[in-house]
Amino acid sequence: MKDLTGLHNALIGWFRANRADLPWRRTRDPYAIWIAEVMLQQTQVATVIPYYERFLTRFPTVEALAAAPLDEVLKLWEGLGYYSRARNLHRAARMIVEQFGGKLPSTVNDLLRLPGVGRYTAGAVASLAFGRDVPLLDGNVIRVLSRLLNIENDVMESATRRALWEQAERLLPPERAALWNEGLMELGQQLCTPATPSCPRCPIAGWCEAYRLGLQGERPVRSRRRKKPHYDVTAGVIRGQDGRLLIARRPPDGMLGGLWEFPGGKRQPDESLVACLKREIREELGIEIAVEGPVTTVQHAYTHFRITLHAFYCRHTGGEPQAIECAGWAWVTLEELDQYAFPVTDRKIIAVLRGGSGQPERGPEP
DNA sequence: AATTCGTGGGA
DNA sequence: TTCCCAAGAAT
């Protein structure tokens, strides 16, 4: 690649003319940019926008975030997924207040010390918020660079990732890393898309090796993922004497850590759904229940497996709840459920409980 | 190094 | 339906 300056000017010029108006591009506050970058990890721009607005309204400063209880952070994160991001954000905010004087660190190495900040996010905050000349590599940049340089190796392999980071560093324009980095990502989002890239409109098509060879549809090369296994899972909508419902908090780490749910768990081979539910409730909370009838079933696909979630109305028949295999429990009314952070699957159960019909609510009739 | 971690949208 | 993918990080 000889003409780097021409390449830089072409992309940056295009970006200046075509940059989308996004909330986190209206601020220079490193804290706000950090929040946006964490929310944008593995999450599309359109999904993030409303979460970002609510989050910054409630926690406008790192001090406000550090002072908040984790439960409130998780509640604002409800539905966004990858909840370790919310837990790490909260921990990192307290670190910033205690160890960095309330100011976000401005170097890649210091940023990397924060939980939830990896190489991408450190590069993004250092370049976009602090104007440092450092590279970044995300899914968009991987796609753009693998086409631009016609990279034939599997981008899922660590050796290829290392090579991509080296290329991202090499291609960086002096003093203009922020515009270049954001331009690469914007290009990947608007034109250099996964399935059918809009090469005729691309400002850097003249430099693109894959395009020259007609191979843009074959890049990047990615190894196939394994097929997802399927599990049947039960959940109990347990009603107590006064009509309140029993909910349990998941352990603080791991899958959906810190969120609340209707207690239950995975069905074992050759186990009935009812037996599964009674066993799980006994193991988690140490109480006995009677299973009365179905509420609804929910299909859901996580990253590495799929489930069918079977929810049942249950009655509490014996024992005081104990936090055995969970992080806590509460008896709550149907209205109070909204104060707690639930996974999407449990939100669908709640919608059925409130709707009264057997189905989640539909949109308005014409 | 290979897995684990959510959810929604699009082909 | 099924699979892929999205401003990745932690272990």
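Chain A is the first sequence line, chain B the second, and so forth, proteins listed ahead of strands; every chain is numbered from 1.
Residues in residues 47-60 of chain A take part in these side chain to side chain donor-acceptor pair (under 3.5 Å) pairs, two or more places apart or across chains: A:R58-A:E72.
Of the options A:L277, A:I281, A:L273, a side-chain contact (heavy atoms from CB on, under 4.5 Å) to A:V291 is made by A:L277 and by none of the others. A side-chain hydrogen bond (donor to acceptor under 3.5 Å, both in side chains) with A:R267 is found for one member of A:D232, A:T308, A:T234 and no other, namely A:D232.
For the OP1/OP2 pair of B:dA2 and a distance below 4.0 Å, the side-chain nitrogens and oxygens of A:S158 include no atom meeting the criterion. Phosphate proximity of B:dG6 to A:R306: absent, as no side-chain N or O sits under 4.0 Å from OP1 or OP2.
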What protein N or O atoms touch nucleotides 7-9 of chain B N or O atoms at under 3.5 angstrom, if any, and at what distances?
unit_1 : atom_1 : unit_2 : atom_2 : d
B:dT7  : OP1    : A:Y83  : OH     : 2.9
B:dT7  : OP1    : A:V344 : N      : 3.1
B:dT7  : OP2    : A:H300 : NE2    : 3.3

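Counting heavy atoms from C-beta outward, A:R222 and A:V155 have side chains that approach closer than 4.5 Å.
Going from atom NE2 of A:H304 over to atom C1' of C:dC3 covers 14 Å, rounded to whole Å. Put simply, CG on A:D138 is 8 Å from P on C:dA6, counting in whole angstrom units. Atom pair A:M255:CE and B:dT3:C1' shows a separation of 13 Å (rounding to whole Å applied). Atom CE in A:M39 sits roughly 22 Å away from atom P in B:dC5 (whole-Å rounding). A:N140 has its CG atom 13 Å from the P atom of C:dC5, to the nearest Å. As rounded to whole Å, 6 Å separates atom P of C:dA10 from atom CG of A:N88. Counting to the nearest Å, the P atom of C:dG8 and the CZ atom of A:R161 are 10 Å from each other.
Annotation: of the two residues near DNA chain C, A:E37 and A:V117, the 5′-most nearest-nucleotide partner is A:E37. A residue-by-residue look at A:K227 and A:Q41 shows that A:K227 has its nearest nucleotide of DNA chain C further toward the 5' end.
Residue A:W34 is out of contact with every strand shown, counting any heavy-atom pair closer than 4.0 Å. Across all strands shown, A:Q189 has heavy atoms under 4.0 Å from base atoms, whether or not it also approaches the sugar-phosphate.
The residues A:D346 and A:R250 are annotated as not salt-bridged, no charged nitrogen and carboxylate oxygen being separated by less than 4.0 angstrom.
Counting all heavy atoms, side chain and backbone alike, A:C326 lies closest to A:E284 at SG-O, 3.9 Å.
The P atoms of C:dA7 and B:dT3 are separated by 25 Å, rounded to the nearest whole Å. For the C1' atom pair drawn from C:dA10 and B:dG8, the interatomic distance equals 24 Å after rounding to whole Å. Taking atom C1' in both B:dA1 and C:dA6, the straight-line distance is 23 Å, to the nearest Å.
Using bins of under 30°, 30° to 60° and over 60° for the plane-to-plane angle, the ring pair A:H310/A:F312 lands in the parallel bin.
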